[in-house]
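Throughout, protein chains are lettered first and strands after them, A, B, ... in sequence-line order, and every chain is numbered starting at 1.
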Amino acid sequence: MAILIDEKVKLVIQGITGRQGSFHCRQMLEYGTRVVAGVSPGKGGHEVCGVPVYDTVEEAVATRGANASCVFVPAPFAKDAVFEALDAGIKLVVVITEHIPLHDALDIVAFAQERGATVVGPNTFGVISPGRCKIGIMPNRIYCPGPVGVAARSGTLSYEVVASLSLAGLGQSTVVGVGGDRVTGLGFVQLLKQFERDEHTRVIVLVGEIGGTAEEEAAEYIKSLSKPVVAYLAGRNAPPGKRMGHAGAIIERGKGSFASKVRALRSAGVAVAELPWEVPALVQRALTA
Amino acid sequence: MAILIDEKVKLVIQGITGRQGSFHCRQMLEYGTRVVAGVSPGKGGHEVCGVPVYDTVEEAVATRGANASCVFVPAPFAKDAVFEALDAGIKLVVVITEHIPLHDALDIVAFAQERGATVVGPNTFGVISPGRCKIGIMPNRIYCPGPVGVAARSGTLSYEVVASLSLAGLGQSTVVGVGGDRVTGLGFVQLLKQFERDEHTRVIVLVGEIGGTAEEEAAEYIKSLSKPVVAYLAGRNAPPGKRMGHAGAIIERGKGSFASKVRALRSAGVAVAELPWEVPALVQRALTA
Amino acid sequence: MKLYEFMAKEILERHGIRIPPGQVVDTPEEAASVASRLGPVVLKAQVLAGGRGKAGGVVFATSPAEARRRAERMLGSRIQGYPVERILVEKRLDIEQELYVGIVVDGSARRPVLLASARGGVDVEEVPDAELIRRKIDVRWGLMPYRAREVALRLGLPRQLVPAFADIACRMYGAFRQYDAELVECNPLAVTPDGLVAADARLNVDDEALFRQKQLPRVHDDTPLERKVKELGLSYVQLDGDIAVMANGAGITMATIDVLQKFGGRPANFLDVGGGAAAEPMAKAMAVLLEARPRALLINIFGGITRCDDVARAVLEVRGSRPFDLPVVVRLVGTNEDEGMRLLREAGIEAYRSMEEAAAAVVRLARGEA
Amino acid sequence: MKLYEFMAKEILERHGIRIPPGQVVDTPEEAASVASRLGPVVLKAQVLAGGRGKAGGVVFATSPAEARRRAERMLGSRIQGYPVERILVEKRLDIEQELYVGIVVDGSARRPVLLASARGGVDVEEVPDAELIRRKIDVRWGLMPYRAREVALRLGLPRQLVPAFADIACRMYGAFRQYDAELVECNPLAVTPDGLVAADARLNVDDEALFRQKQLPRVHDDTPLERKVKELGLSYVQLDGDIAVMANGAGITMATIDVLQKFGGRPANFLDVGGGAAAEPMAKAMAVLLEARPRALLINIFGGITRCDDVARAVLEVRGSRPFDLPVVVRLVGTNEDEGMRLLREAGIEAYRSMEEAAAAVVRLARGEA
């Protein structure tokens with residue numbers, strides 16, 4: 001078991017002919033993901049790493065039975081790409097693209113909700129269920145299967161944490177990047193819900209950071225959770241204000257700071273690590289408690 | 001039994017303080033409709049014919065339990081009024097207002113669909129289940145309860161037909177105006193579906209006219225219907241082209257003419273009357289067949 | 001409201017769609033001068049009629065002198081009854097293929113639809129169904145580029161034109177929404193060596209939305225009498241018979257005309273005074289009807305929103321202020337019916353409750369059978 | 001990108017929202033001349049800082065002479081570090097009540113929200129939760145008048161102001177969508193004897209959408225160094241320590257700074273080279289970091305999209321083209337990690353696989369403990 005993705009995924013890569021798209025197509029194939037198609041408008045009929053390229057997602061779905069998409073399309077065109085995937089009936093879209101305009105992200109999230117689909121990201125490193133399937137740009141070799149579910153806001157920081165887990169012999173059920181942008185499709189709360197239901201997951205690790213209120217909301221939800229949660233948060237010494245600015249502060253109203261997040265998580269019973277490499281010990285303790 | 005409305009309706013009238021709104025409020029009350037509230041922004045706290053007026057539909061729903069709305073709001077503000085009603089959770093909105101912009105009607109229909117609600121109209125005379133409930137502007141005294149379900153595009157023409165039915169002793173289960181505009185919420189097909197399910201309705205009368213393809217679509221659907229259908233259509237001698245113009249013609253592609261509609265209905269087994277006052281005899285024949 | 005081709009093109013150009021270089025002129029001299037600037041040109045009569053091409057409303061000229069001659073002949077002529085007052089003189093395009101692309105409201109789908117065909121340039125009604133692509137548009141999201149690309153591919157467009165086609169279709173949809181259009185059309189959308197160009201364009205605006213489309217020009221497409229009645233907020237079409245007809249509601253007005261024809265009468269007009277007609281505009285509408293000198297007048301009112309007493313008062317008001325000796329038959333049923341009948345009968349006007357009787361009576365009266 | 005007050009107001013005015021009569025000036029003489037035209041005025045320093053009022057950035061003047069004096073004092077002064085180069089001189093309003101109204105993106109709701117309070121004029125963060133109304137907006141339908149009216153009623157506005165408030169809120173939402181705004185705000189929206197006036201306004205635009213907001217002015221709100229790095233497509237904030245930091249990803253960059261602090265080091269900056277950083281901009285970014293003359297440099301790369309060999313080559317390229325003698329520590333893990341490590345070690349640069357070791361090493365080096 002795992003959440004979101006497993007061996008049943010048949011992936012279409014949107015933007016497969018670009019530099020990142022083709023590089024990570026190979027990486028995903030190497031990991032064992034069934035990449036069944038690529039889409040690149042105007043490039044239909046080509047191949048990338050042996051994967052057939054189509055002009056439209058509709059064709060990729062009709063011809064190759066694609067049921068999940070990974071989007072590498074440049075930011076100005078990413079909304080169109082995600083809409084195309086959702087409109088073609090795809091229920092899981094992983095949006096790697098960064099720098100997507102905020103209003104496009106709002107539209108993407110609203111359209112996904114309307115279609116009852118899951119959008120991971122934008123600006124995510126992706127999703128991986130180690131040993132089963134990978135959709136994203138994370139390095140292949142740091143993951144191993146196991147009982148730890150990981151949900152992270154930041155890609156490289158999650159690699160850091162996951163690598164230390166794997167080194168300590170603590171494998172992962174699924175590792176998910178919620179995405180670094182202000183507005184993303186999938187959030188911590190929905191992931192906690194899924195990890196709670198996933199029988200293979202025994203402990204959950206949150207990798208958070210300052211800004212926004214995702215950690216505070218997660219903390220609220222964690223109170224009703226049966227599984228233990230460990231967290232690491234970045235940004236204790238981040239320069240104040242610069243990151244989120246006024247618009248964020250209005251909504252956050254005092255939440256969003258490092259102190260607020262740590263307080264909320266601790267009061268929900270979460271073990272919060274001080275340094276990234278302290279996470280494995282806390283996970284170990286949770287597993288053996 | 002009846003369709004769409006019965007004694008359980010608790011009606012809010014939007015635009016109740018206007019000339020038409022207040023006049024028809026009285027008419028509906030006299031018919032026995034439970035008009036529980038009126039809405040007129042800026043007029044909250046007033047009364048019309050003893051009905052309390054609120055500033056918002058939300059208040060009318062919260063305070064008075066309104067579950068249906070009748071909209072008399074002037075065309076430029078009608079979309080806002082319908083959205084307000086739907087957003088307040090009302091599932092049946094009867095839009096009397098005429099001259100609503102086409103694009104507003106498109107939005108209204110899309111929003112109603114999103115909310116799983118029924119919009120009758122715009123530009124409808126309303127809905128009446130004789131002896132039970134009336135929402136609309138039709139004259140009170142021409143209706144009587146009975147087994148004939150009537151769906152009409154035009155108000156006064158339906159009065160003509162209904163009056164002749166009543167005069168012949170043929171009462172009505174429900175009479176519905178789909179509305180005279182190009183884009184309306186409820187159409188003939190949905191009404192046929194409901195009349196087919198309604199045990200009280202034994203025969204269905206369609207009052208149609210040239211333009212659009214509603215009658216042709218109805219004819220297609222009627223082929224699968226168990227109940228007999230009688231129709232009268234206006235526009236045999238209408239000046240060609242003037243009414244719908246090019247935009248309509250593109251979509252209709254040959255449908256939309258009087259001849260096309262009569263042909264379609266007759267081939268679906270519908271008895272088509274030549275003159276409005278011939279309808280009762282055809283209904284009588286269908287009932288005794 | 002239909003816009004003239006040149007107006008529709010101006011708007012599409014503002015929305016980023018390429019149109020041919022050209023200019024509207026109303027004299028042969030100007031036509032010649034534009035031609036001397038543009039080289040070989042096409043002269044297009046600016047009239048609201050369809051099928052303008054077949055009627056001689058689109059001609060070519062290879063020299064300024066020829067442009068002048070052609071314009072001279074065209075200006076002041078009539079195309080399907082419309083006088084040609086302006087000509088659009090455009091650079092003649094090198095057209096490789098003519099596409100059709102339009103956005104229109106589909107009343108049965110209750111949505112806008114994108115229509116496209118690789119067989120443009122002709123009346124779209126003549127394109128066989130199998131060669132016309134239709135795609136419904138969700139008003140919540142509008143027309144998205146991926147959908148327009150899919151259509152372009154299905155049209156068989158060369159790959160390098162697909163993004164341009166999608167761009168044009170999306171911009172057309174933008175204009176469609178922004179201007180409350182019933183129809184936005186490029187026919188043909190021309191494939192030229194320089195890319196896609198809107199060689200012809202239409203933009204029909206929803207009359208009901210004109211109140212919020214203040215920036216658009218106003219174009220009138222009706223007879224003076226029709227305009228006069230329309231200004232009263234009523235719906236009017238002139239016919240060629242002798243019985244003036246006034247009824248309340250499009251359906252019953254059409255039915256009244258059908259019944260009159262069936263009874264051997266000849267209706268002079270279609271006049272729907274609408275559901276909410278008040279006494280004053282109705283009185284004015286009647287006065288207008290009488291201007292056309294019919295032989296009889298039938299007023300057929302089945303009251304819904306309209307109150308019968310208002311109608312009766314309107315009739316009496318018109319007769320009071322501008323006495324007429326024409327036979328009038330009134331049919332009156334519905335809200336405040338008794339009061340209406342009483343008022344009319346007291347004033348000595350023929351009034352019926354039955355449409356059949358009223359129609360028979362007015363046909364008789366129009367024949368002079370009193 | 002934050003717009004200056006006067007720019008935000010110009011935009012809102014174009015969208016039909018009333019603003020006070022006024023003019024932007026950059027000399028005391030102009031200030032006096034505007035004041036002589038408008039009567040009693042308010043002078044508002046055009047800076048991007050919040051809390052401008054408390055810092056003396058908003059002052060009144062009752063005469064042209066006073067306006068000149070006030071302007072003289074204000075121009076060239078600094079407010080929260082921002083030099084005052086322009087002043088907005090506006091007619092002084094007769095304010096009866098100050099409202100707050102704003103539209104902002106709520107990341108947790110994943111939607112825009114309308115925020116409103118009857119207690120405007122202060123920092124909205126200071127308004128108690130109970131007095132701040134929030135209404136989520138569905139992007140598919142936008143902000144509808146009925147919702148804005150409901151908010152106006154809940155604010156306790158006098159009935160006759162409700163439609164005007166709703167109109168302003170809906171127009172603000174229109175601007176919010178049209179300009180890809182993160183925030184549109186009127187604070188205060190002033191209740192005056194003549195109705196509602198946007199006495200102050202903000203409009204912050206999403207940086208990621210600037211590519212399609214070509215008609216908007218460009219405003220820069222960063223140090224020259226920050227701007228230089230931003231132009232390379234990287235995210236940079238200056239700090240006051242002596243260890244330059246470069247990492248890939250906002251999260252790991254923040255974590256690196258946290259770890260350095262924990263180990264007793266003092267970071268000189270926050271520099272996130274992002275996920276997709278290529279060698280060339282990274283090399284340029286490093287060059288910029290060195291300009292600030294740090295005592296050591298830590299490069300912490302956990303490769304995802306970023307390839308470690310690119311990073312290694314970038315480091316070598318910078319050292320090759322502009323030799324530096326500053327101690328550099330590189331931490332390198334991930335995609336093409338072996339190749340990256342090999343390149344660095346061959347060039348004699350200190351490289352680690354562990355963040356802990358790398359951080360400890362650079363703190364030691366910065367202290368001169370080599």
Side chain to side chain donor-acceptor pair (under 3.5 Å) evaluation trace for A:Asn237 with D:Asp258
CA-CA 6 Å; A:Asn237 300 291; D:Asp258 292 349; 3.3 Å; yes
Taking the six-membered ring for Trp and the full ring for Phe, Tyr or His, determine whether the centres of A:Phe125 and A:Tyr159 are under 6.0 Å apart.
yes
Check for me whether A:Lys79 meets the cation-pi criterion with A:Phe83, that is, NZ or CZ under 6.0 Å from the six-membered ring centre and within 45 degrees of the ring axis.
yes
With a 4.0 Å cut-off on N to O distance, would you call A:Asp104 and D:Arg212 a salt bridge?
yes
Under 3.5 Å side-chain donor-acceptor pair for A:Gln172 and A:Ser166
yes
If the threshold is 4.0 Å, N to carboxylate O, is there a salt bridge linking D:Glu126 and D:Lys54?
yes
Does any heavy atom of chain A fall under 4.5 Å from the side chain of D:Pro112, the backbone, both, or neither of them?
both
Can you tell which part of A:Glu217 gets under 4.5 Å to a heavy atom of chain D, answering side chain, backbone, both or neither?
side chain
Checking D:Arg140 against chain A: side chain, backbone, both or neither under 4.5 Å from a heavy atom?
side chain
Let me know if D:Asp206 has heavy atoms under 4.5 Å from chain A in its side chain, its backbone, both or neither.
side chain
Ionic contact status for D:Arg353 with D:Asp338, cut-off 4.0 Å:
yes
Counting only heavy atoms closer than 4.5 Å, note whether D:Tyr179 contacts chain A via side chain, backbone, both or neither.
neither
Between D:Arg331 and chain A, which part of the residue has a heavy atom less than 4.5 Å away: side chain, backbone, both or neither?
side chain
Using non-hydrogen atoms and a 4.5 Å limit, figure out which bit of A:Ser164 sits close to chain D: side chain, backbone, both or neither.
neither
Okay, A:Tyr232 and chain D: the region with an atom under 4.5 Å from a heavy atom over there is side chain
Which portion of A:Leu102 sits near chain D, non-hydrogen atoms under 4.5 angstrom
both
Between A:Leu157, A:Asn140, A:Asp181, A:Val189, which has the largest tally of heavy atom pairs under 4.5 Å with chain D?
A:Leu157
Contacts of type side-chain hydrogen bond (donor to acceptor under 3.5 Å, both in side chains), residue D:Asp207, not counting sequence neighbours
none
Is A:Ile142 in contact with chain D via its backbone, its side chain, both, or neither, using a 4.5 Å heavy-atom distance?
side chain
Sort out for me which of A:Ala105, A:Ser154, A:Ala75 touches chain D most, counting heavy-atom pairs under 4.5 Å.
A:Ser154
